[in-house]
Amino acid sequence: PCDPKLAYIFSLNPLCNLPDVNKGIQALKSLEFIVVHEQRMTPTARFADILLPVNSFMEKEDIIPPWLGAPYYMYMNQVIDNMYDSRTDRAIVAELAARLGTRDFREGRTDEEWLRTIVGNNSEMGAFDAFREKAVVRIRESPPFVAFRDQIADPDNHPFPTPSGKIE
């Protein structure tokens, strides 16, 4: 139990993606201040005190697994320039950090340099330029990823941290 006063929401639209919308609305209404990164006026964005325009996937370069546990990574090339005043999540957070007097988490690196670092630390991806050119690399997983493996195999000894012990 806690008494939150602020929510900083990015890479998620809780009122569209999480269960029990009414409980989500109550939670958002109970907060004193809400910041949301969003591309459009979503149900969650309607509750924002500050709405920060974030890029679409077409306006930035990134590396992603297409879904949690996917057996491959994809390189997403930027295909259009930033529209209007939108920025990447990393750029927004870096600017806010500087304004709050916090050291810039990028350490002076560009987004491409960070992506090169990520690929450089993952032996399955190979060389950055080759990965970017190929755009898809399959990764080996053993054992296969299974969400909530412990809860499925032994729900009595591995309950979820909810009142019922089940997914809520």
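All values below come from the heavy atoms of this structure, side chains included, with hydrogens, waters and symmetry mates left out.
The backbone N or O of I92 sits nowhere less than 3.5 Å from a side-chain atom of E95 that would complete a donor-acceptor pair.
The distance from the CZ atom of F47 to the CD1 atom of I34 is 7.5 Å, given to the nearest 0.5 Å. Summarising the geometry, atom CD1 belonging to I152 is positioned 12.0 Å from atom CG belonging to D154; distances are rounded to the nearest 0.5 Å. Separating the CD atom in Q78 from the CE atom in M58 is a distance of 12.0 Å, to the nearest 0.5 Å. For the atom pair F128 CZ and T117 OG1, the distance stands at 9.5 Å (nearest 0.5 Å). For the atom pair L12 CG and T44 OG1, the distance stands at 7.0 Å (nearest 0.5 Å). With values rounded to the nearest 0.5 angstrom, F33 atom CZ is found 5.0 Å from D49 atom CG.
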Evaluation steps, side-chain contact (heavy atoms from CB on, under 4.5 Å), between L6 and L31: CA-CA 6 Å; L6 173 137; L31 298 170; 6.0 Å; no
CA sep, side-chain torsions, deciding dist, call: F148, H158, ring-ring contact (aromatic ring centres under 6.0 Å, His included): CA-CA 9 Å; F148 312 118; H158 298 283; over 10 Å; no
F57 vs V79, side-chain contact (heavy atoms from CB on, under 4.5 Å): CA-CA, chis, key distance, verdict: CA-CA 9 Å; F57 68 93; V79 295; over 6 Å; no
Worked verdict on R87 versus V54 for side-chain contact (heavy atoms from CB on, under 4.5 Å): CA-CA 5 Å; R87 297 182 184 188; V54 71; over 6 Å; no
Stepwise side-chain contact (heavy atoms from CB on, under 4.5 Å) test for N55 and R90: CA-CA 10 Å; N55 291 137; R90 289 185 291 266; over 6 Å; no
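At least one side-chain heavy atom of P66 sits less than 4.5 Å from a side-chain heavy atom of Y72. For the pair W114/I63, no side-chain contact is recorded, criterion being any heavy-atom separation below 4.5 Å from C-beta on. Contact check for D20 versus E168: no side-chain heavy atoms found under the 4.5 Å cut-off. Using a 4.5 Å cut-off on side-chain heavy atoms (C-beta onward), M74 and V137 make no contact. Counting only heavy atoms from C-beta outward, the side chains of T88 and N82 never approach each other to under 4.5 Å. You'll find the side chain of Q26 stays beyond 4.5 Å of the side chain of V21, heavy atoms only.
Within the structure, the ring-ring contact (aromatic ring centres under 6.0 Å, His included) test picks out no pair touching residues 83-102 (sequence neighbours left out).
For the residue pair S30 and A27, the shortest heavy atom distance occurs at OG-O, 2.7 Å. Contact detail for A45 and L51: the closest heavy-atom pair is CB-CD1, 3.8 Å. When every heavy atom of D89 is checked against every heavy atom of S11, the shortest pair comes out as OD2-OG, 3.6 Å.
Checked for salt-bridge contact, R46 and E38 miss the test: no charged N lies under 4.0 Å from a carboxylate O. Ion pair D111/K60 not flagged as a salt bridge, since none of the NZ, NE, NH1 or NH2 atoms sits closer than 4.0 Å to an Asp/Glu carboxylate oxygen.
A single hydrophobic cluster is seen to contain both L96 and I50, as judged by linkage of ILVMFWY side chains at heavy-atom distances under 4.5 Å, directly or through other members. Both L115 and I139 sit in one connected hydrophobic cluster of ILVMFWY residues. Membership requires side-chain heavy atoms under 4.5 Å apart, directly or through other members. When the side chains of ILVMFWY residues are joined at heavy-atom separations under 4.5 Å, either directly or via intervening members, L15 and M41 end up in a single hydrophobic cluster. V35 and L28 fall into different hydrophobic clusters, where Ile, Leu, Val, Met, Phe, Trp and Tyr are joined by side-chain heavy atoms under 4.5 Å apart, directly or via other members. A chain of hydrophobic side-chain contacts below 4.5 Å, direct or via other Ile, Leu, Val, Met, Phe, Trp or Tyr residues, connects I80 to M76.
In N17, the CG atom is crowded: over 12 heavy atoms of neighbouring residues, nucleotides or ligands sit closer than 6.0 Å. Taking a 6.0 Å sphere around CG of D81, one finds it holds 12 or fewer heavy atoms contributed by other residues, nucleotides or ligands.
Counting only N and O atoms by type, the side chains of S86 and Q39 include no donor and acceptor under 3.5 Å apart. With 3.5 Å as the limit, one finds no donor-acceptor pair spanning the side chains of E133 and Y75.
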